[in-house]
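Basis for what follows: all heavy atoms, side chains included, without hydrogens, waters or symmetry-related copies. Numbers restart at 1 for each chain; the letters A, B, ... are given by sequence-line order, proteins then strands.
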Amino acid sequence: MTGTHEQNEPIYVCRCEEITLDEIREWIDRGYDTLDELKRVLRVGMGPCQGRGCQDILLREISKRTGKPIVNVPQSTVRPPVKPVKIGLLAKGGEE
Amino acid sequence: MEWKNTADVVVIGGGILGVSTAYYLAKNGMKNVTLIEKGTICGGSTGRCGAGIRAQWGTEMNCRLGVAALDTFEQLSDELGMDVGLNQGGYLLVAYSDKEMETLGAGMKLQNSLGIQSRNISLAEARQICPGLAADDAVGFFFHARDGHADPFLTTFAYLEKAKTLGVTPYRFTECTGISVKDGTVTGVETNRGHIDAPIVINCAGAYAQDIAKMVGVNIHTWGERHEIMITEPVAPGVCPCMLMSFSGNYYIQQRPHGSIICGMSPEGHPADYQLKDTWQFVEAMSKILVHLLPRTKGIRVVRQWSGLYDMTPDAQPIIGETDIKNFYHSTGYSGHGFMLAPVAGKILAQHIMGKKPDIDFSMLDYRRFDRGEHIRESNVV
Ligand SMILES: Cc1cc2nc3c(=O)[nH]c(=O)nc-3n(C[C@H](O)[C@H](O)[C@H](O)COP(=O)(O)OP(=O)(O)OC[C@H]3O[C@@H](n4cnc5c(N)ncnc54)[C@H](O)[C@@H]3O)c2cc1C
Ligand code: FES
């Protein structure tokens, strides 16, 4: 484990999926240094908020640990629907 | 990662097939295995799939591969030292006509003869397995308890991490742009980052494998077909604990351990335009099926939809083996079930290449069967 912060309290980067900064650093150091790969291995950014709460922190962390400027870290794909919609409503073609 | 321009084997493609094949080669003693992936690991079909695993198949070959896959998955987390998220809630197959009952019944007999304990069950029992199941319009049900699913990301990464400890070198963002051949034998690959000399090359490029084969004039008869899939917010467990699947009803639905429901269907018109489009028509059609089949899903929200490519062959069975170019192999064409077959496929191809007798004789999966017109189509596919 290569976490550098001194506290024993875990720091949650992705609150939806409860993933800590230490876990994220561990996997970046193993070579999982794109948003897509971190998402796949840790589920970060796949929670109900779909990454709105954690994506920026992840990007910054990848950039810091790999020494690449943030603009060179590939962005993740935004997938529809942008807002969660109920199945009952979708089954009616979106009309109430 | 430092660039090496020689290898004993180059594997093309960083999906589950490429990664598992690289792992089993290294495990069987192959030194210097290099894996090249044009994007990121698991960014192709593998990272987009439903990740279902089953032995309820309609052809003997698929049954043999399917049950061997279950055997492998059941001990895979231990072997690789990382949890692959295996969950065996069974597959519940739903038939909607007498004819379909007959087809699935014949499949069950074949499966039973091969030691697969699938059963014909009643609606009452189906409802015990899948509470809240409506399906009053169904004619019958088949169930196999050992079927299930695993996490496609964790499975691929578990193979990759273990493969790395055995000396496999993975290069991401490395695209194969050519195959070098001398006197009818493969000698290496060209990439956007330079040449790699290698006496053996394995094409695991999924829905793009035919493009790689064409680089040296080989036609493997595979193509990519777009399929769509969606996932809901996590809800309490028990909504759909098994994989609910129907070939004529055209759906598969399954609740994941973390509570989300994942589901998909076969697209109209079988689009082969290689566009990863997400359509509202799919979400609407899929939602209609859900509400009809599992009425209690009505209030659950869809959080994400995406699409991916099935790696198709004319008989919906894979192609594994050498091509007319010596030492140029392929392992692809899994026709929408390559995730589950990858552990077995990787193992048997590696055994063959290492000069050992493969656990399952796969000579009938030679791609030239299509030229000879010898193929029999698998019936049990969505
Ligand atoms: C919606 C959907 C649902 C599915 N559900 C299931 C299921 O429930 N169960 C199941 O078993 N299977 C399922 N599948 C099928 C399964 O996803 C595939 O059969 C399997 O992932 C194939 O693995 P692969 O490694 O061959 O392909 P991929 O994962 O696509 O890997 C091939 C890799 O090759 C790379 N590549 C291509 N060209 C080049 C090049 N020139 N140079 C370098 N790299 C290259 C690609 O970038 C890609 O990463 C599903 C598929 C889809 C789309
Ligand atoms: S905080 Fe990471 S997905 Fe919501």
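- Heavy-atom neighbours of B:Lys298 NZ from other residues, nucleotides or ligands within 6.0 Å: at or below the threshold of 12.
- By the 4.5 Å heavy-atom criterion applied to side chains, B:Leu160 and A:Tyr32 are counted as neighbours.
- The environment of CD in B:Gln281 is crowded: more than 12 heavy-atom neighbours from other residues, nucleotides or ligands sit within 6.0 Å.
- If you take CD1 on A:Ile87 and CD1 on B:Ile300, they are separated by 5.5 Å, rounding to the nearest 0.5 Å.
- Two residues are said to be in side-chain contact when any heavy atoms from C-beta on lie closer than 4.5 Å; B:Val302 and A:Val85 fail this criterion.
- Considering every non-hydrogen atom in both A:Ala91 and B:Ser287, the closest pair reads N-CB, 3.5 Å.
- Annotation: side chain of A:Arg40 is in contact with side chain of B:Thr40 (closest heavy-atom distance under 4.5 Å).
- A donor-acceptor pair is defined here as one N or O able to donate and one able to accept, closer than 3.5 Å; no such pair exists between the side chain of A:Arg30 and the backbone of B:Glu161.
- Within a 6.0 Å sphere centred on CZ of B:Arg193, heavy atoms belonging to other residues, nucleotides or ligands number more than 12.
- For chain A, no part of B:His292 is nearby; none of its heavy atoms comes within less than 4.5 Å.
- Here the CG atom belonging to A:Leu90 is positioned 10.5 Å from the CZ atom belonging to B:Phe282, to the nearest 0.5 angstrom.
- In this structure, CG on A:Leu89 lies 10.5 Å from CZ on B:Arg301, to the nearest 0.5 angstrom.
- Comment: A:Lys92 does not engage B:Glu284 in a salt bridge, judged by the lack of any side-chain N to carboxylate O separation of less than 4.0 angstrom.
- Separation of atoms CZ (B:Arg304) and CD (A:Gln50) is listed at 4.5 Å; rounding is to 0.5 Å.
- Interface remark: of the candidates A:Met46, A:Lys39, A:Glu17, A:Met46 forms the most heavy-atom pairs closer than 4.5 Å to chain B.
- Contacts between A:Arg43 and chain B at a heavy-atom distance below 4.5 Å involve the side chain alone, from C-beta outward.
- With a 4.5 angstrom heavy-atom cutoff, B:Thr232 touches chain A only via side-chain atoms.
- Contact annotation for B:Ile41: both backbone and side-chain heavy atoms come within less than 4.5 Å of a heavy atom of chain A.
- Residue A:Lys86 places its NZ atom among 12 or fewer non-hydrogen atoms of other residues, nucleotides or ligands, all under 6.0 Å distant.
- A donor-acceptor distance shorter than 3.5 angstrom exists from the side chain of B:Arg172 to the backbone of A:Gly31, with no hydrogens or angles considered.
- When heavy atoms are compared at a cutoff of 4.5 Å, B:Glu233 does not approach chain A at all.
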